[in-house]
Amino acid sequence: MLDSKLLRADLDTIAAKLAGRGFKLDTATFNALEDERKKLQVRTQELQSERNTRSKSIGQAKARGEDIQPLLAEVGQLGAKLDLAKEELSVLLAKIDHILSAMPNIPDASVPSGDNEDDNVEIRRWGTPREFDFDIKDHVDLATALDKGLDFESGAKLSGTRFVVIKGQMARLNRALGQFMLDLHTDNHGYTEANVPLLVNHDSLYGTGQLPKFSEDLFHTDLGSKKFSLIPTAEVPLTNLVRDEIVDEAELPIKYSALSSCFRSEAGSSGRDIRGLIRQHQFDKVELVQLVKPETSFAALDELTGHAEKVLQLLELPYRTVILCTGDIGFSAMKTFDIEVWLPAQNTYREISSCSNMGDFQARRMQARYRNKATKKTELLHTLNGSGLAVGRTLVAVLENYQQADGTILVPEVLKPYMGGLTQLG
RNA sequence: GGUGAGAUGGCUGAGUGGUCGAAAGCACCGGUCUUGAAAACCGGCAUGGGUUUGUAGCCCAUCUAGAGUUCAAAUCUCUAUCUCACCGCCA
């Protein structure tokens, strides 16, 4: 959510910035609604004020033992007018709020402008893709050959398309990856481990920006009065930990990490990435979340991105980091770095992490604040998150990059402590 | 699932339908005192919004949330949510 005060003050500038990321803001409509709001709100508050004053004088008259009947008659009509004005105002405010809550964040000035992912800018590369002297296989063929370690048929039988059963050594490797990542972030990067609910309420989803606009990307449950949704990322529960909180400045930055399953309906991507583990309805991910003071958030983004990259460095998987352009950046983000891992079978880099600074966008929705010691005021936090990393896609990367001519897979050095003596799959 | 008790500011905790945005204490901030600190004493201290050049003033809202009764609701009624206790069920 953008700052409505800022919107009123500088609508055209903001509209121009949002246009750069492909969002059209109808400024004429917005201005008209805003003018009406101002009039209505002032009038409503005046009526309210008058009624309060009169009610108070009735109380005083009664205390003095005077006859209050004439006073009651006077206030009667006032109440009706007030109710009407309140009703009108709430309808109007709901309308404005609807527009506001569907508006994306403003990209930071350092974000390159562009229309889509083709305009993203590579900012660094790490590692050198390995040369293979044999015909390489993709992760599906590799895993299938290894005792059907990735069992897509069973996934389809149990649940449907985009579900998988991971078995045997492959399951062990998957678990090792998650454990390794979580240990790295908690032991070395200063994050507090959290085990979070996978089902969350709508308030939480609104807080991080999934609702109301992206409802169709989620899986929803509906048990009578209880409405939950499966989390699309642990960013939702982790970030919402500070919803409606005023935290002490001394506690900042707050850093959380969680290994969780994530659930996405992939509503808009039928036909895309159908093969393999790349795009599933359910996958594991280690998430990094930071809650920081506003002036430190961009430095925190660099730090957090570094934490995610460290995972790939330790796994010795080549990657590159790109900065998303204005046309490709996510709804709630001011600035985003994507980390893309090298996948030999696709002969390309594929997204494995997305690290974003949301500024105060989510914090405003959540009313997540801290007390500024210098100004003594409460101020909105800045929130950041990033994958550190998506476990399924990392599994793909390990399989494809560590494959041998005979179809076996070498276990990366850093994972060996987690593999119970196994140094090679197959 | 059943029964009962609750939900008040950063925290604890008062609050007969009418100057209650809310006592008191703690925490916090400032001051006096002190070589310094503590203690003591004095003072300050909620949030969101509107109006406005204004971090001034004035106004509105907020005592879990939503409806309702009333001229007037923290206070009365209903519903929901959550918390606690006991019973039942359960990994």
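So that the names make sense, note that chain A is the first sequence line, chain B the second, and so on, each numbered from 1.
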Using atom [atom1] of each nucleotide, how far apart are [N] and [M] to the nearest Å?
N	M	atom1	result
B:rA61	B:rA72	C1'	16 Å
B:rU75	B:rG15	C1'	8 Å
B:rG2	B:rG88	P	16 Å
B:rG6	B:rC58	P	39 Å
B:rU64	B:rA24	C1'	23 Å
B:rG43	B:rA85	C1'	44 Å
B:rU70	B:rG17	C1'	9 Å
B:rG30	B:rA38	P	11 Å

Measure [atom1]/[X] against [atom2]/[N] and give the value in whole Å, please.
X	N	atom1	atom2	result
A:Glu379	B:rU47	CD	P	12 Å
A:Glu251	B:rC28	CD	P	14 Å
A:Leu89	B:rA61	CG	P	12 Å
A:Gln45	B:rG49	CD	P	12 Å
A:Asn52	B:rC59	CG	P	11 Å
A:Asp83	B:rC60	CG	C1'	16 Å
A:Asp248	B:rC11	CG	C1'	12 Å
A:Glu245	B:rG48	CD	P	15 Å

Quick one: salt bridge (Lys or Arg N to Asp or Glu O under 4.0 Å) pairs with a partner in [range], sequence neighbours left out?
range	result
residues 160-187 of chain A	A:Asp151-A:Lys167
residues 98-115 of chain A	none
residues 25-34 of chain A	A:Arg8-A:Glu34, A:Glu34-A:Arg37
residues 77-96 of chain A	none

Watson-Crick or G-U wobble partner for [N], using a 3.5 Å limit on both distances?
N	answer
B:rU19	none
B:rC84	B:rG4
B:rA91	none
B:rA39	none
B:rA46	B:rU62
B:rC33	none
B:rA74	none
B:rG9	none

*Sugar-phosphate, base or nothing in reach of A:Lys86, heavy atoms under 4.0 Å*: nothing
_Sugar-phosphate only, base, or nothing, as touched by A:Gln60 at under 4.0 Å among non-hydrogen atoms_ = base
Who pairs with [X] by salt bridge (Lys or Arg N to Asp or Glu O under 4.0 Å), at least two apart in sequence or on another chain?
X	answer
A:Arg275	A:Asp138, A:Asp141
A:Lys310	none
A:Glu36	none

*Closest nucleotide of RNA chain B for A:Thr378 versus for A:Ile246: which of these residues is on the 5' side?*
A:Ile246
*More 5' along RNA chain B: A:Gly79 or A:Glu50, using each one's nearest nucleotide?*
A:Glu50
*Mind running a 4.0 Å heavy-atom check of residues 193-203 of chain A against RNA chain B and sending the residues that fall below it, in number order?*
none
*Does B:rC60 have OP1 or OP2 sitting under 4.0 Å from an N or O in the side chain of A:Ser49?*
yes
*asked:* Please tell me if A:Arg369 has a side-chain N or O lying less than 4.0 Å from either OP1 or OP2 of B:rG48.
replied: yes
*With sequence neighbours excluded, what pairs up with A:Tyr206 under the ring-ring contact (aromatic ring centres under 6.0 Å, His included) test?*
none
Close N or O pairs between protein and nucleotides 63-71 of chain B (under 3.5 Å):
| unit_1 | atom_1 | unit_2 | atom_2 | d |
| --- | --- | --- | --- | --- |
| B:rC71 | O2' | A:Ser55 | OG | 2.9 |

_Under 3.5 Å, is there a donor on one side chain and an acceptor on the other for A:Asn201 and A:Ser204?_
yes
Set out, line by line, the N/O atom pairs under 3.5 Å between protein and nucleotides 51-53 of chain B.
| unit_1 | atom_1 | unit_2 | atom_2 | d |
| --- | --- | --- | --- | --- |
| B:rU51 | OP1 | A:Arg37 | NH2 | 3.4 |

*Take the angle between the ring planes of A:His189 and A:Tyr191 and call it parallel below 30°, perpendicular above 60°, tilted in between.*
perpendicular
*Name the orientation class of the two ring planes belonging to A:His281 and A:Phe163 (parallel below 30°, tilted from 30 to 60°, perpendicular beyond 60°).*
tilted
*Heavy atoms only: give me the nearest A:Ala102-A:Phe23 pair and the separation to one decimal.*
O-CE1, 3.7 Å
*Compare every heavy atom of A:Val398 with every heavy atom of A:Ile409, then report the nearest pair and how far apart it is.*
CG2-O, 4.1 Å
*asked:* Under the side chain to side chain donor-acceptor pair (under 3.5 Å) definition, can you give me all pairs with a residue in residues 353-364 of chain A, not counting sequence neighbours?
replied: A:Glu235-A:Gln362, A:Ser297-A:Asn357, A:Thr336-A:Ser356, A:Asp338-A:Ser354, A:Asp360-A:Arg364, A:Gln362-A:Thr383
